[in-house]
Amino acid sequence: MAALGVEVIVAKDDGETNTAVKVPESVLRRDQARLEEAERRKNAKQSQTVTEEKSDFFTSTFNAEKTQLEQMISSCNDREKAAKTLEEATVKFQQLQKFLNDSVMFLTQYEIRQAQESLQKLQSSISDKREEVLPKKKFAFRSRNTSKQQQPTPIQQQTPAKPASDLVGTVVVDAAIPADQYGFSNFDNQVLVKQAEEIQQRDVLLSHLTHCQVRLYGCPSTLHIRNIRSCEILCGPVSSSVFVDQCTDSTLVFPCQQLRTHNTTATRVYLHVTSRAIIEDCHGLSFAPFTWTYPGIRDHFKVAGLSPDRNNWREVDDFNWLATGTPSPNWTVIPETERICSWDFVGAAAEQS
């Protein structure tokens with residue numbers, strides 16, 4: 001049986017008649033495979049070079065912007081100009097946050113983590129400087145002697161659909177006072193509400209709350225949740241980041257640019273996030289897509305710069321679980337049959353979207 005092959009015309013050096021040489025197909029296939037492999041390696045090298053160039057550009061740009069922002073914060077000592085300077089610093093911080101969110105696709109986990117830590121320090125620096133140059137008034141409840149007409153009217157609560165928020169005899173805290181109080185701390189068995197006009201792109205802190213229902217009908221710049229137990233927290237679109245620390249047996253519901261969660265257990269998160277959620281030193285977390293709505297929330301998505309159509313709620317990076325290809329045991333997806341799709345309205349504003 002004749003061997004399969006391809007005839008190749010070979011020219012002689014002496015100019016005589018060319019002759020045909022039969023080259024086996026196996027040789028041709030090997031040669032073609034070598035060419036394809038060489039092309040693949042070339043493309044991979046070019047792709048790697050582009051990625052490294054993007055990473056280098058991100059690092060240099062991020063560090064330059066971070067240094068400029070640090071200088072802006074440290075120079076903010078003039079009380080008369082402090083409010084404007086801190087507002088500009090907050091805008092630059094949000095821009096830097098967005099720059100990181102847009103770059104995560106080509107950054108390593110280490111680079112993302114380093115940038116996140118830098119952003120967290122910058123956020124703390126802005127908050128500390130604001131406290132230093134623009135100190136808040138001390139929180140105080142209204143006097144019990146205030147006339148009946150001036151007292152906040154309790155809102156009748158329906159039984160929450162969620163056992164975790166098993167509240168008895170609670171009232172809605174009058175969120176209109178004090179005007180400079182941006183959050184709630186040290187409450188037990190309360191319904192806590194802030195309206196959109198109070199939040200107005202401010203940093204909001206929720207800390208040391210137990211068995212509370214919280215409703216934030218607005219658009220914070222950032223949201224900090226610390227030392228929370230058995231609470232149900234619903235918040236409107238957050239322009240930049242949500243930071244969660246020391247949270248137990250709670251339900252958290254919010255849209256944001258980025259979520260970073262530490263030291264948290266047995267907590268359900270209904271999330272809308274445009275980058276990727278990050279967890280660290282956590283276990284027993286479960287995630288589902290954001291399902292809350294209220295009058296005006298569509299406008300708040302626009303103010304926060306969030307796309308309602310872009311939600312990476314199940315893209316969770318666990319910094320304590322680096323096994324490639326194996327899901328982290330520290331978080332799960334809430335089954336569709338167990339998700340809450342309708343939330344009670346507590347002290348909601350009356351405006352329509």
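For the numbers below, each heavy atom of this structure counts, side chains included, while hydrogens, waters and symmetry mates do not.
Closest approach of Asn311 to Pro289, counting heavy atoms only: ND2-CB, 4.1 Å. Shown here for Leu209 and Phe184, the closest heavy-atom pair between the two residues is CD2-O, 4.0 Å. What you find for Val204 and Pro220 is that their closest heavy atoms are CG2-CB, 3.8 Å. Phe58 approaches Ala115 most closely through the heavy-atom pair CZ-CB, 4.2 Å. Shortest non-hydrogen contact noted between Pro308 and Leu306 is CD-O, 3.5 Å. Of all the heavy atoms in His224 and Arg226, the pair that sits closest is ND1-NH2, 3.5 Å.
At least one side-chain heavy atom of Leu86 sits under 4.5 Å from a side-chain heavy atom of Cys76. Annotation: side chain of Cys256 is in contact with side chain of Leu271 (closest heavy-atom distance under 4.5 Å). Residues Val273 and Phe290 are not in side-chain contact: their nearest non-hydrogen atoms beyond the backbone lie 4.5 Å or more apart. Contact of the Arg268 side chain with the Ile334 side chain is registered, since non-hydrogen atoms from C-beta on lie closer than 4.5 Å. Contact annotation: the side chain of Trp331 never approaches that of Thr261 to less than 4.5 Å [non-hydrogen atoms, C-beta and beyond]. Counting heavy atoms from C-beta outward, Lys92 and Gln68 have side chains that approach closer than 4.5 Å. With a 4.5 Å cut-off on side-chain heavy atoms, Leu252 and Val242 do not count as touching. Here the side chains of Leu206 and Leu192 are not in contact, with every heavy-atom distance at 4.5 Å or above.
Below 30°, between 30° and 60°, or above 60°: for His272 and Phe301 the angle between ring planes is above 60°, a perpendicular geometry.
Ile126 CD1 to Met72 CE: the interatomic distance, rounded to the nearest 0.5 Å, is 9.0 Å. Interatomic distance, CD1 of Ile228 versus OG of Ser207, reported as 6.5 Å (0.5 Å rounding). The structure places NE2 of His300 at 12.0 Å from OH of Tyr217, a figure rounded to the nearest 0.5 Å. A distance of 4.5 Å separates CZ of Arg229 from OG1 of Thr210, quoted to the nearest 0.5 Å. For the atom pair CG (Asn263) and CG (Asp245), the distance works out to 5.0 Å, reported to the nearest 0.5 Å. In this structure, CG on Leu119 lies 5.0 Å from CG on Leu96, to the nearest 0.5 angstrom.
No donor-acceptor pair under 3.5 Å is formed between the side chain of Ser239 and the backbone N or O of Gly305. Under the 3.5 Å distance criterion, the side-chain polar atoms of Thr90 are left unmatched by any main-chain donor or acceptor of Glu88. Put simply, the side chain of Glu338 never gets that close to the backbone of Pro335: no donor and acceptor are under 3.5 Å apart. Of the possible polar contacts, one joining the Ser250 side chain to the Cys231 backbone as a donor-acceptor pair under 3.5 Å is found. A donor-acceptor pair under 3.5 Å is absent between the side-chain atoms of Thr267 and the main chain of Thr251, judged by distance alone. Side chain of Gln201 to main chain of Cys219: a donor-acceptor pair is present (N/O by atom type, distance under 3.5 Å, no hydrogens or angles). Side-chain atoms of Asp317 do not come within 3.5 Å of backbone N or O of Ile278 as any donor-acceptor pair. Side-chain N or O atoms of Thr59 include none that pairs as donor or acceptor with a backbone N or O of Phe57 at under 3.5 Å.
Linking ILVMFWY side-chain heavy atoms closer than 4.5 Å, directly or via other members, places Phe287 and Trp321 in two distinct hydrophobic clusters. The hydrophobic cluster containing Val238 does not contain Phe243, counting ILVMFWY residues as joined when their side-chain heavy atoms lie under 4.5 angstrom apart, directly or transitively. The cluster map of Ile, Leu, Val, Met, Phe, Trp and Tyr, joined by side-chain heavy atoms under 4.5 Å apart, puts Val91 and Phe99 in different clusters. Val303 and Phe93 end up in different hydrophobic clusters when Ile, Leu, Val, Met, Phe, Trp and Tyr side chains are linked at under 4.5 Å. Note: the hydrophobic cluster containing Leu216 does not contain Leu205 (ILVMFWY, side chain heavy atoms under 4.5 Å, direct or indirect links).
For the 3.5 Å distance criterion, the side chains of Glu70 and Ser125 fail to qualify, holding no donor opposite an acceptor. Thr274 and Gln257 share a side-chain donor-acceptor pair at under 3.5 Å. Defined by atom type and a distance below 3.5 Å, a donor-acceptor pair is missing between the side-chain atoms of Thr222 and Ser240.
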Using the rule given for side chain to side chain contact (heavy atoms under 4.5 Å, CB included), can you reason through Glu232 versus Arg215, listing the C-alpha separation, both sets of side-chain angles and the distance that settles it, and then say yes or no? CA-CA 9 Å; Glu232 182 183 84; Arg215 297 293 187 272; 2.8 Å; yes
Run the side chain to side chain contact (heavy atoms under 4.5 Å, CB included) test on Val269 and Leu259 for me, step by step, so that the C-alpha distance in whole Å, both residues' side-chain angles and the decisive distance to 0.1 Å come before the verdict. CA-CA 10 Å; Val269 184; Leu259 169 65; 4.2 Å; yes
I'd like to know whether Ile233 forms a side chain to side chain contact (heavy atoms under 4.5 Å, CB included) with Phe254, so could you lay out the CA-CA distance, the side-chain angles of the two residues, the decisive distance to 0.1 Å, and finally the verdict. CA-CA 8 Å; Ile233 299 173; Phe254 45 70; 5.7 Å; no
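Separation of the Trp292 and Tyr270 ring centroids does not fall under the 6.0 Å cut-off.
Open room surrounds CZ on Arg314; 12 or fewer heavy atoms of other groups in view lie less than 6.0 Å from it.
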